[in-house]
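Here is the structure we will look at, set down as structure tokens.
Proteins come first, then strands; the chains are lettered A, B, ... in the order of their sequence lines, and each starts at number 1.
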There are 2 protein chains.
Amino acid sequence: MAEGEFERSVSQTMKAQLALRELILSGALRQGERLSELAVVERLGVSRTPVRMALVRLEEEGLLEAIPSGGFAVKAFSESDIDDAIEIRGALEGLAARFAAERGVARGRLAELKDCLAEIDALKGLSDGSEESFSDYVRLNARFHALLHALADSPALMRQIERACALPFASPSGFVQAQARLPQSRFILVLAQDQHRCLVEAIENREGERADALAREHARLARRNLRLAFRDPSALDLVAGAALIKRPGRH
Amino acid sequence: MAEGEFERSVSQTMKAQLALRELILSGALRQGERLSELAVVERLGVSRTPVRMALVRLEEEGLLEAIPSGGFAVKAFSESDIDDAIEIRGALEGLAARFAAERGVARGRLAELKDCLAEIDALKGLSDGSEESFSDYVRLNARFHALLHALADSPALMRQIERACALPFASPSGFVQAQARLPQSRFILVLAQDQHRCLVEAIENREGERADALAREHARLARRNLRLAFRDPSALDLVAGAALIKRPGRH
DNA sequence: TTCACCCGTTATGTATACAGGAGGAATACA
DNA sequence: TGTATTCCTCCTGTATACATAACGGGTGAA
């Protein structure tokens, strides 16, 4: 399939889902705002049926909530909602790491993980704050976590993890972009990479409990980044879905 | 709303969802079977739109899987899929118990849990195997777990737990019905109730790690019940959704 | 006999029409 | 002026019609 054909070949439902998700995460739709189907139809140029489909899926995804009297509204998240979502991801990634450690994994797959670590180590520009290094880091970090999730070799767990990561600020990549703007959180990158290394080591040594604990603690780095980002609004705006966060200070 | 009006007042989508779920769990639709929308329309008497809605929701629920070329098929689960689903529930309930323990809960809500325990203790007929005692136990056990989930006071976690319990054999009540038929698994009831008590105690004493470990181990009782039920087909048929389980023995 | 291709049937994806109901504005009354 | 009521508008839920793509049967050739 050629690149240019993508927009035409993909289903209208998928198009609506992607476009709506983008509108929600970018903050184009305000939190709590009710989504009129007709308005979305006009905005996206697809008919009501695929729009409805997309709305249902985005509700399951957690970005929308059903209004009792019918229809959907953009969800809003408090700081403790985010904390919990991160903790949930930690618990699930912890379980994945534990599965990998206790059940064992093929040598080749562990090598992939180690390659990923080495590539991150090779990113020398990170501490200089260059933009391209950071986007590389974002990509590699996402890949590391994807490999880790797959390592558990459990479709059910994979499903639940994907669900947990659907909330952008709960995903492993959620706050990484913001870190580029926060000098204080550069240090966290070093911690994160060391945790990555320890995690792989724990899995290799089949230390399930240790792998679990490390994965949980690793997820909690996202909470620290969140705290730092709250102090620096320009960084917070780099977080995907920041518009969904309920902030007491703002009206 | 009067009882009799239920069928008329509820939306067609909900009707279709409930009816389809029942058809799937009861085994009226075979695992792997593709669901033709038109066939469902004829069977349920509602039009394609609500049927499609229900199909999408049941896919998100995990009972159906999307076929790449379009449409949906009834999902099938291997023994290890079920094991994993139970372990995932354990991890999430463990997190809920940990939240409750570490963050503390109001005295009144703990009292509700204790009342529930006392009611289970009061079921004298359990060891005799009387049917009505068992259905009472099923109800009380479900209530205990619902109270426990709510104790964490975390909407995000509640959501994930509900999702995990959507698979009937992963839910806390999944194998309880089957236990009535299995003399060997009666003993498990005693263990379960003791774990319930220890769990409440741990939460009360704010022992987060202990509460977590207990909840996980408690979930694993479901695995033991599954193993026992596999040996006794008449008990396995009492498990909701047993028809979805892939069994190497059966063709 | 087996494989490949073609064509008809059927199912899904999409669009749209219609009905019932919720929500808001305007008006009448206290 | 405040409140209740009524009416109107818009929206959602549902049904159905249409187009396109998939699946299977059948026929032909190797």
d([atom1], [X]; [atom2], [N]) in whole Å:
X: B:Glu37; N: C:dA11; atom1: CD; atom2: C1'; answer: 8 Å
X: A:Phe72; N: D:dG13; atom1: CZ; atom2: C1'; answer: 11 Å
X: A:Leu38; N: D:dT9; atom1: CG; atom2: P; answer: 16 Å

field: Close approaches to DNA chain C from residues 53-65 of chain A, in residue order (heavy atom, under 4.0 Å)
entry: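 Result for residues 53-65 of chain A: none.
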
message: Between B:Arg163 and B:Glu60 (side chain of the first, backbone of the second, donor and acceptor by atom type, cut-off under 3.5 Å), is there such a pair?
response: yes

- prompt: Heavy-atom distance under 4.5 Å between the side chains of A:Leu244 and A:Lys75, does that happen here?
  reply: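 When only atoms from C-beta onward are counted, A:Lys75 and A:Leu244 do not touch, as no gap falls below 4.5 Å.
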
Full working for salt bridge (Lys or Arg N to Asp or Glu O under 4.0 Å) between B:Glu59 and A:Arg57: CA-CA 10 Å; B:Glu59 186 218 349; A:Arg57 293 205 131 98; 2.7 Å; yes

query: Reading nucleotides 14-23 of chain D from the 5' end, what letters show protein touch, with B for base, S for backbone sugar-phosphate only, - for no heavy atom under 4.0 Å?
result: BBBB-----S

field: Five-pair end axes of the helix from C:dT1-D:dA30 to C:dA30-D:dT1 and the angle they enclose, rounded to 10°
entry: 10°

Residue pairs fulfilling ring pair (Phe, Tyr, Trp, His ring centres under 6.0 Å) with at least one residue in [range], sequence neighbours excluded:
range: residues 35-56 of chain B; value: none
range: residues 24-56 of chain B; value: none
range: residues 56-83 of chain A; value: A:Phe77-A:Phe169

message: Other residues, nucleotides and ligands only: do more than 12 of their heavy atoms fall within 6.0 Å of CZ on A:Arg30?
response: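 Incorrect, the count does not exceed 12.
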
field: Side-chain ion pair, B:Asp84 and A:Arg103, N-O less than 4.0 Å
entry: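 Salt bridge between B:Asp84 and A:Arg103, a charged N being under 4.0 Å from a carboxylate O: yes.
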
field: Pair B:Arg220 + B:Glu87, salt bridge at N-O below 4.0 Å
entry: yes

task: Could you please spell out the steps behind the side-chain contact (heavy atoms from CB on, under 4.5 Å) verdict for A:Gln177 and A:Val138?
output: CA-CA 7 Å; A:Gln177 283 287 8; A:Val138 171; 4.0 Å; yes

